[in-house]
Protein chains: 2
Amino acid sequence: MKARAVSRKSSAKDSRVEVPPMATIIGYKLRRAQLFVFQDFLESFSKVKLRPAEFSVLAIIADRPGLKQSEIAESLGIKRANFVALMDSLERRGLAERRKAETDRRSHSVHLTPEGEKFVKKMTAIWAEHENRLIERLGGVAERDRLIDLLDRLLAPGE
Amino acid sequence: MKARAVSRKSSAKDSRVEVPPMATIIGYKLRRAQLFVFQDFLESFSKVKLRPAEFSVLAIIADRPGLKQSEIAESLGIKRANFVALMDSLERRGLAERRKAETDRRSHSVHLTPEGEKFVKKMTAIWAEHENRLIERLGGVAERDRLIDLLDRLLAPGE
DNA sequence: TATTGTTATACTCTATAACTATA
DNA sequence: TATAGTTATAGAGTATAACAATA
């Protein structure tokens with residue numbers, strides 16, 4: 001693709017320096033949208049005191065119990081050093097637990113506690129309300145799918 | 001709209017707790033995409049040592065010279081207290097300057113220096129390369145426009 | 001020798017309260 | 001009394017280096 005995707009037409013109105021309008025800058029709009037969505041998430045989950053990172057960890061554990069700490073951290077793009085405090089917090093709240101892996105006793109496999117399973121059900125219900133609110137703003141599930149598809153194009157080839 | 005946008009069909013494969021797949025969660029995908037884009041931005045601008053927030057401030061000043069500090073901060077979603085260090089840095093580098101406003105001497109109107117104008121031209125060229133790289137990933141300008149439109153729907157009604 | 005989890009640490013971003021100078 | 005800019009500070013989030021236990 002050789003065509004100039006970003007044009008620099010002059011408005012010919014004054015002597016100002018030509019700059020891209022913030023409203024059309026991908027990174028800027030992405031950041032603003034992400035902050036908005038996280039804000040809605042935080043308000044939705046304030047009653048159960050759950051942050052986005054904690055939500056994602058619980059969701060992974062629920063879906064694939066037994067994964068090692070470092071596997072969960074890497075799949076979420078979290079440094080394993082920073083994962084420790086996150087995991088400590090979930091364990092202190094009695095939602096998840098570390099178990100020494102039998103095959104490789106250096107590593108910890110991570111599981112939900114029974115209380116954690118109950119919590120995940122409640123959490124999933126709260127999330128559904130939050131997500132449906134976003135889907136409504138987008139104009140429906142089809143638009144949500146289009147958005148996810150476009151974001152995946154940015155992220156591809158690697159997750 | 002009353003239809004359930006987020007379904008909870010069971011996979012009927014095992015006894016795991018039902019959770020949303022991370023790959024389809026709007027907030028999660030938004031965050032990953034934003035981090036990726038900022039990463040590309042930081043690499044593109046590493047040679048001129050410019051961060052996304054600094055870029056956005058310079059772009060605003062270039063487009064609308066004379067705005068007050070607090071007006072710029074608010075339009076970018078930055079707290080005015082946090083804007084001070086940002087502005088200090090641009091001023092120390094000789095790219096922008098504060099001028100005591102004549103009408104209201106509490107406020108500072110912000111302008112580019114001559115060197116700042118030269119810098120903005122260079123910065124805009126680097127940005128265009130970066131942005132074109134993203135547009136190519138998305139599949140063209142039309143896809144970029146669709147993405148911006150969807151992100152605006154999330155952000156609407158307020159910016 | 002390499003890897004997993006861990007600690008310690010530093011740097012950026014963000015949020016709040018309180019000060020100053022002007023209005 | 002209220003507002004613009006400022007300072008100080010505290011909390012997240014994130015990045016790196018180094019250590020102990022285990023492989």
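Since the structure is predicted, the reported quantities are computational estimates derived from the model, not experimental observations. Naming: A, B, ... by sequence-line order, numbering from 1 per chain. Atoms considered below: every heavy atom in the structure, side chains included; atoms not considered: hydrogens, waters and symmetry mates.
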Q. With nearest nucleotides of DNA chain C determined for A/R106 and A/R98 from heavy-atom distances, which residue corresponds to the more 5′ nucleotide?
A. A/R106
What nucleotide among [options] has an atom nearest to a side-chain atom of [X]?
X      : options               : value
B/R80  : D/dT7, C/dG5, D/dA4   : D/dA4
B/R51  : C/dT7, C/dT12, C/dG5  : C/dT12
B/K79  : D/dA4, C/dT16, C/dT7  : C/dT16
A/D104 : D/dT22, D/dT16, D/dT6 : D/dT22

In whole angstrom, give the distance that lies between atom [atom1] of [X] and atom [atom2] of [N].
X      : N      : atom1 : atom2 : value
B/E54  : C/dT12 : CD    : C1'   : 12 Å
A/K49  : D/dG11 : NZ    : P     : 13 Å
A/L86  : C/dG5  : CG    : P     : 14 Å
A/H108 : C/dT3  : NE2   : C1'   : 13 Å
A/K68  : D/dA23 : NZ    : P     : 12 Å
A/Q69  : C/dT6  : CD    : C1'   : 9 Å
A/I72  : C/dT6  : CD1   : C1'   : 16 Å
A/Q34  : D/dA12 : CD    : C1'   : 13 Å

Q.
Reading DNA chain D from 5' onward, which residue's closest nucleotide shows up sooner: A/K100 or A/N82?
A.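 Of the two residues, A/N82 wins.
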**Q.** Along DNA chain D (nearest heavy atom to each residue), the more 5'-positioned of A/E102 and B/L35
**A.**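 Taking each residue's closest nucleotide, the earlier one in sequence belongs to B/L35.
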Q) If you look at every strand shown and take non-hydrogen atoms under 4.0 Å, does B/A101 touch a base, only sugar-phosphate, or nothing? A)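 If one applies the 4.0 Å heavy-atom cut-off, B/A101 turns out to touch nothing in the nucleic acid.
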(Q) Over all strands shown, is A/A53 touching base, sugar-phosphate only, or nothing at heavy-atom distances under 4.0 angstrom? (A)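 The answer is nothing, as A/A53 stays clear of every strand by at least 4.0 Å.
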Q: Name the orientation class of the two ring planes belonging to B/F41 and B/F45 (parallel below 30°, tilted from 30 to 60°, perpendicular beyond 60°).
A: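 Answer is parallel, since the angle falls under 30°.
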Q.
Using a 6.0 Å cut-off, check whether atom NZ of A/K47 has over 12 heavy atoms from anything other than its own residue.
A.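 Yes, because the 6.0 Å sphere around NZ of A/K47 holds more than 12 heavy atoms from other groups.
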Q.
If I take atom CG from residue B/L90 and atom CD from residue B/E97, how far apart are they, to the nearest 0.5 angstrom?
A.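 Interatomic distance, B/L90 CG to B/E97 CD, rounded to 0.5 Å: 12.0 Å.
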Q) Salt bridge or not for B/R133 and B/E136, using N-O below 4.0 Å? A) no
Q) OP1 or OP2 of C/dT3 less than 4.0 angstrom from a side-chain nitrogen or oxygen of A/S70, does that happen here? A) no
Q. Are OP1 or OP2 of C/dT3 and a side-chain N or O of A/R105 less than 4.0 angstrom apart?
A. no
**Q.** Test log, rule salt bridge (charged side-chain N to carboxylate O under 4.0 Å, His left out), inputs A/D88 and A/R92
**A.** CA-CA 6 Å; A/D88 285 348; A/R92 252 184 279 110; 5.1 Å; no
